[in-house]
> 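Questions regarding the structure given below will be posed in turn.
As the structure lists them, so they are numbered: ligands from 1, and atoms in each ligand from 1.
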Amino acid sequence: MVFLLSEAIDKGGCDFAADGAAGIPLGAICDLLGVPESDRAHVLGLTSSTLGSHDADGTAADAWIAKSEILLYFANLARDRRDSGHADVIALLAGSRVNGFPLDDDEIMLNCYSLFLGGDETARLSMIGAALALAHHPDQWRALKRGETGIDTAVEEILRWTTPTLHSGRTATTDTEIAGHPIRTGDIVTVWNASANFDERVFDAPERLRLDRTPNKHCTFAYGPHFCLGAYLARAEIEAVLEGLRDRVADMEQTGPSRPVYSNFLNGLCALPLALKPA
Ligand code: HEM
C-alpha cells in the first residue's frame, strides 16, 4: 500500500480504483493461495467480470465463462500443489483431512474459488469507498489525520458506510414467519445488508459518516454460520489503506466523475480520479 500510495502521490494523483485499490486484496489473496505473479492480471480480469462488471456491456454468458475459467485455473493449481511441497493455503487444503478423508480436487477448487471471489472485489470496493468518503467529508478526514479518531472505529464505520455486498439470499427449509410475513418452505428470502446498515432503529443518524461511531454493529460481513471467513483480513487491508492515507496524504480531492460497478449484488466504484497532495 505504501508503495502504491507513494507512486500515486509522486504523480500528483491517480485513479484510486484502478491504480490504488485494485492490487491490494488481489495481492493478499494471491499471496495466500500462492498464485504466481505472472497470472495475477489475468485473474483480476476474470474476477471483475464475475460478480460486478465494470461496464454494462458484459453479458450473463461473459460472467459464466469467467467463473468457469477461474474454476479451471484453480483446478490446475490444486493438482499442481498436491505433492509439490508448497506452503500456501492450496497446499494446506490439498494436504488436509475432514473426518479422516482428504479433500478431493473439486472441493479444493471450490474452496479456492470462494476465497478468491469473496476476498477480492468486496475489499477493493470498501477501500475505494473509503477514499471517496474521506474526500467528501473533510471534517472526518481532519479528525482522522489529527488522531482524534482511532483507526479501529474508522475501519468499522467504513465497512458500514460502503457495504460492498448489498444482499445475501437463502432458501427457507421450513415454514416460518418474519416480522409478520409468512415464509413457506422453498421461498427465497433476501437480507439487504445495505439496508440493515442504515437502520435508524439501530444506528444513531445512520446517514452521517462518523468515523468514531461506537457501537457499530453493522451487517457488512453478514451474520451466523456463514459470517465472512475473511473479515479479519479485510479489516487489516482497510486499516492499511486508512493508515497510508492518514500518514502520507495531506489533502485529496476528486478530480473527475466516479463510475459505479455495474451490478445489483456489489456496491461501489470502479473509477475514482483523485488528486493527492503529499503530507
Ligand atoms: C470488505 C470486504 C468483504 C466483505 C464486504 C465481505 C462480505 C461477505 C458476506 C456478506 C458474506 C456472507 C455471504 C452469505 O451469507 O451468503 C461473506 C462470506 C465469505 N467471505 Fe467475505 N467479505 C469480505 C472480505 C473477504 C475476504 C478478504 C475473504 C477471503 C480471504 C472473504 C471470504 C469469504 C468466504 C470464503 C465466505 C463464505 C463463508 C461461508 O460460507 O462460511 N471475504 N463475505
Side-chain angles (χ1 to χ4, degrees), residues 1 16-17 20-35 40 43-44 47-48 50-52 67 70-71 74 77-78 88-90 92-93 96 98 103 107-133 151-173 178 188-198 216-242 260-261 263-270:
M1 183 63 210
F16 198 81
I24 302 167
L26 185 81
I29 201 81
C30 285
D31 283 351
L32 276 175
L33 295 175
V35 173
R40 294 187 183 191
V43 184
L44 173 64
T47 56
S48 303
T50 310
L51 292 182
K67 280 179 192 163
I70 296 178
L71 286 169
F74 282 113
L77 214 56
D88 50 58
V89 169
I90 304 185
L92 189 75
L93 287 169
S96 60
V98 177
L103 298 181
E107 287 167 328
I108 297 172
M109 173 182 79
L110 290 168
N111 269 287
C112 294
Y113 180 78
S114 283
L115 285 169
F116 208 78
L117 289 196
D120 176 36
E121 193 150 16
T122 48
R124 187 156 25 109
L125 293 174
S126 250
M127 292 167 192
I128 301 163
L132 179 76
I151 287 285
D152 289 5
T153 57
V155 168
E156 297 309 315
E157 179 68 344
I158 288 298
L159 284 163
R160 181 189 77 87
W161 188 254
T162 56
T163 319
T165 312
L166 289 169
H167 58 81
S168 314
R170 294 290 186 272
T171 306
T173 55
I178 299 176
I188 293 179
V189 180
T190 304
V191 174
W192 284 86
N193 317 14
S195 174
N197 278 350
F198 287 80
N216 194 343
K217 291 192 72 162
H218 61 74
C219 300
T220 297
F221 294 123
Y223 182 78
H226 292 282
F227 180 80
C228 176
L229 193 72
Y232 288 92
L233 177 60
R235 286 184 167 117
E237 291 171 355
I238 296 165
E239 185 176 319
V241 169
L242 292 181
V261 288
S263 173
N264 61 7
F265 174 57
L266 291 178
N267 173 36
L269 302 176
C270 61

> Which protein N or O atoms sit under 3.5 Å from any N or O of ligand 1? Give each pair with its distance.
unit_1: ligand 1; atom_1: 15 (O); unit_2: R170; atom_2: NH2; d: 2.6
unit_1: ligand 1; atom_1: 16 (O); unit_2: R170; atom_2: NH1; d: 3.0
unit_1: ligand 1; atom_1: 16 (O); unit_2: R170; atom_2: NH2; d: 3.4
unit_1: ligand 1; atom_1: 40 (O); unit_2: H226; atom_2: ND1; d: 2.6
unit_1: ligand 1; atom_1: 41 (O); unit_2: H226; atom_2: ND1; d: 3.2
unit_1: ligand 1; atom_1: 42 (N); unit_2: G118; atom_2: O; d: 3.1

> Kindly assign one of parallel, tilted or perpendicular to the pair H167 and F265, based on the angle between their ring planes and the thresholds 30° and 60°.
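H167 vs F265 ring planes: perpendicular.
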> Is there a donor-acceptor contact under 3.5 Å linking the side chains of T165 and T122?
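No donor-acceptor contact under 3.5 Å links the two side chains.
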> When rounded to the nearest 0.5 angstrom, what is the spacing between CD1 in I158 and CD1 in I151?
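Rounded to the nearest 0.5 Å, the CD1-CD1 separation comes to 10.0 Å.
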> I'd like to know if the side chain of N197 pairs up with that of T220 as donor and acceptor (distance under 3.5 Å, no hydrogens or angles considered).
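Their side chains do contain a donor-acceptor pair, which is all the 3.5 Å distance test asks for.
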> For F221, does the six-membered ring have the charged nitrogen or CZ of R235 within the cation-pi criterion, i.e. under 6.0 angstrom from the centroid and within 45° of the normal?
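Ring-cation test returns no.
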> If you round to the nearest 0.5 Å, how far is CG of L229 from CG of N111?
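With rounding to 0.5 Å, CG (N111) is 9.0 Å from CG (L229).
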